[in-house]
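Structure record follows, encoded as structure tokens.
One is the number of the first residue; the rest follow in order along the sequence. Just so it is clear, the model here is predicted, and its values are computed rather than measured.
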Amino acid sequence: MATQAVLFDLDGTLLDTAPDMRDAANAVLCSLGYPVISMETARQYSSDGSLGLLQQGLGDDYSRFAASELRQHFLDAYQLQLNRATRLFPGIEHCLNWLIAMGIPWGVVTNKPARPTHALLTDFAIFKQAAVVIAGDTLDKRKPHPKPLLHAAEQIGVAPSACSYFGDAERDIQAANAAGMTSVVALWGYLREDSGVNDWQAHHQCATSEQLSHWIEQTLTL
């Protein structure tokens with residue numbers, strides 16, 4: 001079935017949030033007396049969320065802390081950092097405007113909690129055109145479970161098999177495949193050299209955010 005809607009992950013796919021996430025993680029690490037993490041580390045582990053970033057800074061001491069407390073500490077710090085350095089990846093706005101012009105609905109499905117997700121999106125006018133936004137706590141399941149993607153397709157009114165989903169983490173591809181969607185790896189995202197992208201069983205890979213519009217235009221107009 002031809003693609004009738006396009007869904008995207010948020011961090012590392014549409015928005016480059018790693019600088020602000022790094023600063024929030026470093027605020028937590030400093031408060032606990034641990035060294036800060038580098039921008040390079042943040043770009044490699046931001047797709048793993050707050051705990052993934054903090055684990056890099058805490059190292060073997062990570063297990064000494066309660067995950068729920070670490071996550072809340074991070075979210076409190078992140079709320080103060082939102083959109084200080086976060087930007088759309090190059091070419092993303094052009095791509096989304098093309099979808100809008102073509103009348104193709106698009107949306108966001110992220111594991112990021114709703115509060116920071118919506119706070120982020122309000123600062124970028126283009127997201128007012130999103131047909132749906134599903135956050136990590138919108139439902140009782142999140143990626144890699146397919147439920148958030150299936151819910152997004154239902155909200156748009158399009159069959160899952162007619163949706164394409166772009167993401168930069170293995171959980172994104174797992175969720176899309178389980179939902180029966182066309183899965184596409186965003187290779188410009190927060191990937192490590194040992195990510196094993198070729199083993200994720202994605203339907204496609206897209207090399208750069210600048211090429212995204214061309215890739216989508218070619219795919220959707222075939």
Original post:
Between R192 and D48, is the closest basic N to carboxylate O distance under 4.0 Å?
Top reply: yes

Original post:
How would you list, by chain and number, every residue that makes a ring-ring contact (aromatic ring centres under 6.0 Å, His included) with F8, sequence neighbours excluded?
Top reply: F166

Subject >> Heavy-atom side-chain contact between L70 and S50 under 4.5 Å >> reply: no

Original post:
Are any of the side-chain heavy atoms of W98 and I216 separated by less than 4.5 Å?
Top reply: yes

Original post:
Backbone N or O of Y190 within a donor-acceptor pair of the D168 side chain at under 3.5 Å?
Top reply: yes

**OP:** Please tell me if the side chains of T86 and P19 come closer than 4.5 Å, counting only heavy atoms from C-beta onward.
**Re:** no

Original post:
Given the rule that I, L, V, M, F, W and Y join up when any side-chain heavy atoms are under 4.5 Å apart, are M21 and L58 in one cluster?
Top reply: yes

Original post:
Excluding sequence neighbours, so at least two apart, what forms ring-ring contact (aromatic ring centres under 6.0 Å, His included) with H204?
Top reply: W215

Subject >> Test item: F127 and W106 side chains (from C-beta on) under 4.5 Å apart, heavy atoms >> reply: yes

Subject >> Shortest non-hydrogen contact between S46 and A42, atoms and distance >> reply: OG-O, 2.6 Å

**OP:** Calculate, to the nearest 0.5 Å, the distance between atoms CG and NE2 belonging to L82 and H118 respectively.
**Re:** 12.5 Å

**OP:** Compare every heavy atom of L29 with every heavy atom of P35, then report the nearest pair and how far apart it is.
**Re:** O-CD1, 3.6 Å

**OP:** Look up atom OG in S213 and atom CG in L96, then write down how far apart they are to the nearest 0.5 Å.
**Re:** 8.0 Å

**OP:** For D123, look at atom CG and say whether over 12 heavy atoms of other residues, nucleotides or ligands are found less than 6.0 Å away.
**Re:** yes

Subject >> Steps toward salt bridge (Lys or Arg N to Asp or Glu O under 4.0 Å) verdict (D23, R84) >> reply: CA-CA 10 Å; D23 289 348; R84 289 189 178 182; over 6 Å; no

Subject >> Same cluster (ILVMFWY, side-chain, under 4.5 Å), V133 and V158 >> reply: no

Original post:
Can you name the nearest heavy-atom pair linking S164 to T3, along with the distance?
Top reply: OG-OG1, 3.0 Å

**OP:** Sort and list the pairs that fulfil side-chain hydrogen bond (donor to acceptor under 3.5 Å, both in side chains) and have at least one residue in residues 132-151, not counting sequence neighbours.
**Re:** D9-K143, D140-K147, K143-Y165, K143-D172

Original post:
In the hydrophobic clustering (ILVMFWY, side-chain contacts below 4.5 Å, transitive), which residues join I173, or is it alone?
Top reply: V185, L187, L191, V197, W200

**OP:** For the residue pair M181 and L7, establish whether any side-chain heavy-atom pair is separated by less than 4.5 Å.
**Re:** yes

**OP:** Under the ring-ring contact (aromatic ring centres under 6.0 Å, His included) rule, collect the residues that match up with Y78, sequence neighbours excluded.
**Re:** F74

Subject >> Side-chain touch W188/P90, heavy atoms, less than 4.5 angstrom >> reply: no

**OP:** Could you tell me whether the side chain of T17 and the main chain of D11 form a donor-acceptor pair under 3.5 Å?
**Re:** no

Original post:
Any donor and acceptor pair, going by atom type alone, linking the side chain of D16 with main-chain N or O of L88 inside 3.5 Å?
Top reply: no

**OP:** Starting from V36, walk the hydrophobic network (Ile, Leu, Val, Met, Phe, Trp, Tyr; side-chain heavy atoms closer than 4.5 Å) and list everyone else you reach, by chain and number.
**Re:** none

Original post:
Side-chain heavy atoms under 4.5 angstrom apart, residues restricted to Ile, Leu, Val, Met, Phe, Trp, Tyr: same cluster for L150 and V109?
Top reply: no

Original post:
Do H203 side-chain atoms and S183 backbone N/O form a donor-acceptor pair below 3.5 Å?
Top reply: yes

**OP:** Check whether any side-chain heavy atom of I134 lies under 4.5 Å from a side-chain heavy atom of T110, and answer yes or no.
**Re:** no

